[in-house]
Amino acid sequence: MSGFKAQVERDIATVFHNTEEFADLMEVEYNGKIYKGIPVVVDSEIAKERVKARGDNSVGIFAFDVTAFISFKDLKIVPRKETKIIIGGVAYNIVQVAFDVGEITLDLELLDE
C-alpha cells in the first residue's frame, strides 16, 4: 500500500470513524451476522445530492435515502448491492456499494408507509 493510501486509511480510522467526531456506535446486521457496537457514519445530506433514476413509488409509499460509511476492519465483508442491511434497528435496501482504502460506502434506501 502506498504511503498516501496508508495515511488516508489511518485518517479515516482516527477521525472519520472516531465516535467523538463523526461516527456513532451502532449494531449492524448483514447476511445473518450481527456486529455489535461498531462505528458507523450515516448521512442523509450526501444522499440528497445523489442523482439516480427512480420510478414512482406506490401511493402511500415514501423512499428515504441515506449513505452509510463503515470500516472494512469492523465489518470484515463488503456487502453486495441489492441486498438488505439493518443499521441501528432500521432495515435498508443497498442501492450502491463502493470500497476504497478500507472504507465501505453504502448508498441505502428505506421504503416507508
Side-chain angles (χ1 to χ4, degrees):
M1 181 180 300
S2 74
F4 176 75
K5 281 193 171 191
Q7 183 61 48
V8 169
E9 191 171 317
R10 280 190 298 275
D11 288 347
I12 287 171
T14 59
V15 178
F16 193 59
H17 287 284
N18 181 338
T19 56
E20 293 183 20
E21 296 287 337
F22 298 103
D24 293 309
L25 291 178
M26 297 184 160
E27 182 175 287
V28 175
E29 183 178 343
Y30 180 72
N31 205 23
K33 185 168 181 186
I34 297 174
Y35 305 83
K36 293 188 179 275
I38 63 172
V40 179
V41 177
V42 177
D43 190 327
S44 59
E45 292 302 313
I46 291 173
K48 287 179 186 175
E49 296 172 8
R50 200 171 61 226
V51 177
K52 68 178 188 175
R54 180 199 315 252
D56 290 341
N57 296 320
S58 299
V59 175
I61 303 292
F62 302 94
F64 300 96
D65 294 332
V66 299
T67 300
F69 303 91
I70 304 171
S71 173
F72 180 78
K73 289 179 181 176
D74 293 320
L75 208 54
K76 296 179 180 46
I77 186 172
V78 178
R80 292 179 324 198
K81 180 179 175 180
E82 299 178 4
T83 59
K84 299 217 182 290
I85 191 167
I86 299 171
I87 300 174
V90 180
Y92 296 97
N93 296 316
I94 300 173
V95 178
Q96 190 71 2
V97 178
F99 176 64
D100 193 23
V101 292
E103 176 80 0
I104 302 166
T105 304
L106 303 172
D107 292 337
L108 307 170
E109 177 181 70
L110 166 69
L111 299 178
D112 195 13
E113 294 181 19

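For the single chain, residues carry numbers from 1 onward in sequence order.
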(message) Within this structure, what is the CD1-CD distance for the pair I87 and E29, rounded to the nearest 0.5 Å?
(response) 11.5 Å

(message) When you compare the side chain of P39 with that of D74, does any pair of heavy atoms fall below 4.5 Å?
(response) yes

(message) I'd like to check I70 versus I38 (side-chain heavy atoms, cut-off strictly below 4.5 Å). Are they in contact?
(response) yes

(message) Measuring from atom OG1 of T83 to atom CG of N31, what distance do you get when rounded to the nearest 0.5 angstrom?
(response) 7.5 Å

(message) Looking only at the side chains, is there a donor atom on one of T67 and D43 sitting less than 3.5 Å from an acceptor on the other?
(response) no

(request) Report yes if some heavy atom in the side chain of D107 is under 4.5 Å from a heavy atom in the side chain of D65; otherwise report no. (result) no

(request) With the side chain counted from C-beta on, respond yes when I86 and Y92 share a heavy-atom pair under 4.5 Å apart, and no when they do not. (result) no

(request) Considering non-hydrogen atoms only, spot the tightest contact between L110 and A91 and give its length. (result) CD1-O, 3.3 Å

(request) Check whether the ring centres of F99 and F72 lie less than 6.0 Å apart, and answer yes or no. (result) yes

(request) Look up atom OH in Y30 and atom NZ in K84, then write down how far apart they are to the nearest 0.5 Å. (result) 11.5 Å

(request) Take M26 and V42 through the side-chain contact (heavy atoms from CB on, under 4.5 Å) test and state the conclusion after the steps. (result) CA-CA 10 Å; M26 297 184 160; V42 177; 4.2 Å; yes

(request) For the pair E103 and F69, evaluate side-chain contact (heavy atoms from CB on, under 4.5 Å) and give the outcome as yes or no after the intermediate values. (result) CA-CA 7 Å; E103 176 80 0; F69 303 91; 2.9 Å; yes

(request) Carefully, step by step, assess E27 and I34 under the rule side-chain contact (heavy atoms from CB on, under 4.5 Å). (result) CA-CA 7 Å; E27 182 175 287; I34 297 174; 3.6 Å; yes

(request) Drop me the distance from I85's CD1 to I104's CD1, to the nearest 0.5 angstrom. (result) 8.0 Å

(request) Can you see which heavy atom on R80 is nearest to which on V97, and at what distance? (result) C-CG2, 3.9 Å

(request) Indicate if L25 and V40 have the same hydrophobic cluster label, given that clusters are the connected sets of ILVMFWY residues with side-chain heavy-atom separations under 4.5 angstrom. (result) no

(message) To the nearest 0.5 Å, what is the distance between NZ on K33 and CG on L75?
(response) 8.5 Å

